Amino acid sequence: KLDPPDRDRIASLAAMKKRTPHYLMKEAILEYVQREEARQNFIKVADASFEHYKETGLHITLDEFSAWVDDVQKNPDAPITACHT
């Protein structure tokens, strides 16, 4: 439940935007869910990547990654350095 001052703020913003408070709250909740789903997916992929590294030893160094970032800014199709042990 929202406190009355928070309800008033939402109602005021909704009026300015010509929307209902319900619309604003629904949009805020859906944006939050989308961010959290993306965050959870990132963590899942990072964990899988780390497990793969522990199993294979394949990696690139920070210097190699930084060089690729510099290259990709000049050429978006620049290939990333191949993984190595």
Side-chain angles (χ1 to χ4, degrees):
K1 287 225 171 204
L2 294 171
D3 294 333
D6 293 330
R7 286 180 174 272
D8 292 342
R9 290 174 61 206
I10 292 169
S12 176
L13 182 59
M16 284 188 270
K17 295 179 71 74
K18 296 184 169 85
R19 297 288 186 177
T20 65
H22 179 265
Y23 174 88
L24 294 183
M25 290 184 277
K26 181 180 174 185
E27 287 296 305
I29 291 167
L30 292 175
E31 285 180 22
Y32 171 81
V33 168
Q34 185 177 17
R35 276 194 318 268
E36 283 303 306
E37 286 172 340
R39 182 175 181 272
Q40 292 303 314
N41 188 55
F42 176 82
I43 291 169
K44 182 174 125 182
V45 169
D47 286 343
S49 179
F50 185 56
E51 287 301 315
H52 183 264
Y53 164 73
K54 290 192 299 188
E55 291 170 6
T56 66
L58 294 174
H59 68 283
I60 62 172
T61 66
L62 178 59
D63 288 338
E64 291 167 335
F65 179 75
S66 294
W68 173 75
V69 168
D70 292 341
D71 289 345
V72 95
Q73 289 175 351
K74 298 171 203 155
N75 174 14
D77 296 325
I80 193 163
T81 303
C83 291
H84 53 82
T85 55

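Everything quoted here is computed from the prediction, not taken from an experiment.
Nearest heavy atom pair, residue Pro21 against residue Ala14, reads N-CB, 3.6 Å.
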Distance-only criterion, 3.5 Å: show the donor-acceptor pairs between side-chain atoms of residues 24-44 and protein atoms not counting sequence neighbours.
none

Donor-acceptor pairs are to be reported for all side-chain atoms of residues 50-75 against protein atoms at under 3.5 Å, with residues two or more places apart or in another chain.
residue, atom, partner, partner atom, Å
Glu51, OE2, Lys54, NZ, 2.9
Thr56, OG1, His52, O, 2.9
Thr56, OG1, Leu58, N, 3.1
His59, ND1, Gly57, O, 3.0
His59, ND1, His84, O, 3.0
Thr61, OG1, Glu64, N, 3.0
Thr61, OG1, Glu64, OE1, 3.3
Glu64, OE1, Thr61, N, 2.7
Glu64, OE1, His84, NE2, 2.9
Glu64, OE2, His84, NE2, 3.0
Ser66, OG, Leu62, O, 3.0
Trp68, NE1, Ala78, O, 3.1
Asn75, OD1, Asp77, N, 3.1

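Applying the salt bridge (charged side-chain N to carboxylate O under 4.0 Å, His left out) test to pairs two or more places apart or on separate chains, those with a residue in residues 6-15 are Asp6-Arg9. Counting only residues at least two apart or on different chains, no side-chain hydrogen bond (donor to acceptor under 3.5 Å, both in side chains) pair has a member in residues 10-20.
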